[in-house]
Amino acid sequence: MTDPRTPEDHTPDTQTQDGPRRILTPGSDLNPRREFLRSAALFTGTVAALGGGLEVLTRRPGAGSAEAQTADPFSRPDRPLGPYDTDEKVTSYQQATTYNNFYEFGTDKSDPARLARSLRPRPWTVRIDGEVRKPQTIDIDTLQSWFPLEDRIYRMRCVEGWSMVMPWLGFPLAGLIRRLEPTGKAKYVQFTALLDPKQFPGQKQQVLQWPYVEGLRLDEALHPLSFMAVGLHGRTLPGQNGAPLRLVVPWKYGFKNIKSIVRITLTEKQPQTTWALAAPQEYGFYANVNPAVPHPRWSQATERRIGELGRRKTLPFNGYADEVAGLYRGMDLRKNF
Amino acid sequence: MTRPAPATPARRPPARLGWLVPAVTVGGLLPVAVLILDALSGALGANPIQRATLQTGLLTLALLILSLACTPLRLLTGWTWPARIRKTLGLLGFGYAALHFLIYLFDHSFDLTLMTEDVLKRPFVTAGFTALLLLVPLALTSTPRAVKRLGFQRWTRLHQLSYVAVSLGALHYYWGVKKDHTPPLIYAAVIATLFLIRFLKRRPARPGTRAAKT
């Protein structure tokens with residue numbers, strides 16, 4: 001819009017307070033048709049600018065695929081259910097591999113699937129140290145060859161209030177621990193994930209203290225439910241799910257299930273775990289799924305199973321109370337959350 | 001168009017800006033249409049309710065901030081058109097807040113006991129719910145008739161609640177985020193800047209600055 005007035009208009013007597021405002025209302029030279037076209041153009045432009053601007057500001061691609069069970073040949077292993085398997089509907093491979101919390105790639109749930117290619121799961125070694133008789137560094141393929149791989153269909157409950165049913169492939173953690181021959185001093189198992197900002201671009205930001213560290217009490221680690229996964233849905237574990245080796249402790253919140261493990265240390269003292277360090281009042285060392293103990297900012301009474309619209313009740317110990325409640329006999333689970 | 005230009009500008013909005021409020025309304029409602037399309041096409045991803053909750057929350061904040069930016073913008077530039085869309089933007093913000101709340105209720109299967117517990121026990125929910133409650137009287141008194149009934153002074157004072165509401169909204173967002181607090185802090189910074197501009201501009205006009213009294 002240009003000022004149609006000539007410089008002569010700017011004589012002192014016309015330049016009152018109202019003078020400059022006339023810039024907004026010149027237009028007496030416009031005929032109705034031009035006026036209409038102009039209004040229509042401004043209308044369209046404003047709609048596009050405001051609507052588009054709001055979209056840019058607030059619309060993020062929803063992480064994960066909305067499509068539920070498409071033909072997914074690996075969704076359920078072709079075998080009778082084992083004693084620890086759930087018979088619930090398995091979360092599709094699509095959803096299990098596109099809706100992930102893996103802050104090493106980024107804080108958005110779509111980041112892991114998008115950036116997982118930067119992770120190189122081979123060659124890969126795992127250092128074993130601490131209170132063990134024979135500290136050593138083992139190649140992942142060697143480590144894997146020690147145990148026959150088995151399936152476990154476990155529920156997985158995220159501390160954020162959603163859950164999945166995951167068909168893992170791997171071996172029980174207890175077998176690994178026993179093979180490492182812990183000394184009499186070993187009371188805890190500490191797991192450390194890979195630290196490498198080149199492979200984990202999210203580590204360039206100090207959202208959490210890197211590397212990610214998790215831990216279990218030795219008796220928890222020796223429980224038959226505790227599992228080391230190297231595969232999912234009958235396939236090799238994808239990067240976004242923690243390739244090549246991750247922990248699965250199904251009665252605890254998902255963040256205990258440390259991914260891309262490079263070091264296992266048997267310790268005498270309780271390890272300082274990543275989320276407990278980041279927000280000690282919100283995330284504890286135990287992190288047992290417990291509907292009776294709310295997160296300080298949200299309730300843990302219910303959860304959304306991915307693929308479903310409604311919510312379901314969260315079960316104590318994520319439904320594994322019969323198996324694991326005994327581990328915590330005599331403990332105040334409100335304090336040891 | 002032979003009529004000579006009036007000596008004083010008309011107080012009534014000139015017809016040439018008639019497109020503005022409809023454009024803001026349509027543009028502001030566009031995200032609802034996109035959200036519905038996203039929901040139908042599966043673009044909301046594996047956890048669509050969570051996605052829709054977040055987006056309507058962000059839309060609430062964005063529109064309330066735009067509405068609150070109108071006066072500072074007018075004060076800084078002398079333009080009058082921001083004042084014309086302030087109400088529309090505010091009402092749109094309230095609409096998104098209500099939608100956000102409805103999705104929350106749907107998410108909790110309209111269980112009011114659960115909602116009450118959430119509101120009473122969790123500061124994160126308390127802040128958001130209070131912000132919504134504060135917006136209700138503002139939406140109800142958004143008509144010119146309400147301004148007349150209350151009197152301009154009282155109406156203005158009442159509508160200063162919008163500052164409280166938007167601040168609580170930003171706090172609600174901050175508390176709702178699990179770890180990466182950068183986005184809520186950006187919203188908070190924008191709100192703080194808008195407050196600051198108003199505060200500075202409210203002071204008696206200094207020599208050389210245009211008194212922006214209307």
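What's counted below: heavy atoms across the whole structure, side chains too, no hydrogens, waters or symmetry copies. Here is the naming used below: chain letters follow the sequence lines, and residue numbers restart at 1 for every chain. Owing to the predicted nature of the structure, the values given are computational and were not obtained by experimental measurement.
Crowding of A:Gln281 atom CD: a count of heavy atoms from other residues, nucleotides or ligands under 6.0 Å exceeding 12.
Shown here for A:Leu57 and B:Leu58, the closest heavy-atom pair between the two residues is O-CD1, 4.5 Å.
In terms of heavy-atom pairs under 4.5 Å with chain A, the best-connected choice from B:Val125, B:Leu114, B:Asp38 is B:Asp38. In terms of heavy-atom pairs under 4.5 angstrom with chain A, the leader among B:Thr182, B:Asp107, B:Leu63, B:Val34 is B:Asp107. Ranked by heavy-atom pairs under 4.5 Å with chain A, the list B:Gly28, B:Ser109, B:Ala62 is led by B:Gly28. Contacts with chain B were tallied for A:Thr46, A:Val47, A:Thr44; A:Val47 has the most, counting heavy-atom pairs under 4.5 Å.
Residue A:Phe36: no heavy atom, backbone or side chain, is found under 4.5 Å from chain B. Neither the backbone nor the side chain of A:Gln205 has a heavy atom closer than 4.5 Å to any heavy atom of chain B. For B:Leu61, no part lies near chain A; criterion is any non-hydrogen pair under 4.5 Å. For B:Val177, the part lying under 4.5 angstrom from a heavy atom of chain A is the backbone only. If you measure heavy-atom distances from B:Pro22 to chain A, the contacts under 4.5 Å come from both the backbone and the side chain. B:Tyr187 touches chain A through its side chain: at least one heavy atom from C-beta onward sits under 4.5 Å away, while N, CA, C and O do not. With a threshold of 4.5 angstrom between heavy atoms, A:Ala278 approaches chain B through its backbone and through its side chain.
When side chains are defined from C-beta on, A:Leu309 counts as touching B:Ile49, because their heavy atoms get closer than 4.5 Å. Using a 4.5 Å cut-off on side-chain heavy atoms (C-beta onward), A:Tyr103 and B:Lys179 make contact. Side-chain contact between A:Arg60 and B:Leu44 is absent, with no heavy-atom pair separated by less than 4.5 Å. At a threshold of 4.5 Å between non-hydrogen side-chain atoms, the residues B:Val26 and A:Phe43 count as touching.
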**Candidate pair B:Thr56 and A:Thr58, rule side-chain contact (heavy atoms from CB on, under 4.5 Å), full reasoning** = CA-CA 8 Å; B:Thr56 48; A:Thr58 66; over 6 Å; no
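For B:Arg122, the salt bridge (Lys or Arg N to Asp or Glu O under 4.0 Å) test picks out B:Glu117, B:Asp118, with sequence neighbours left out.
Within residues 296-305 of chain A, the residues having any heavy atom under 4.5 Å from a heavy atom of chain B are, by residue number, A:Pro296, A:Arg297, A:Trp298, A:Ser299, A:Arg304.
Taking CH2 of B:Trp19 as the start and CD of A:Glu35 as the end, the distance is 11.5 Å to the nearest 0.5 Å. From A:Leu50, atom CG reaches atom CG of B:Leu29 across 9.5 Å, with rounding to the nearest 0.5 Å. Distance check: B:Asp180 CG to A:Leu208 CG gives 10.0 Å after rounding to the nearest 0.5 Å. Rounding to the nearest 0.5 angstrom, the gap separating the CG atom in B:Asn47 from the CD atom in A:Glu308 is 11.5 Å. Between A:Leu54 atom CG and B:Leu30 atom CG the span is 8.5 Å, to the nearest 0.5 Å.
With B:Lys178 as the partner, the side-chain contact (heavy atoms from CB on, under 4.5 Å) test is satisfied by one option alone out of A:Asn101, A:Thr107, A:Val207: A:Asn101.
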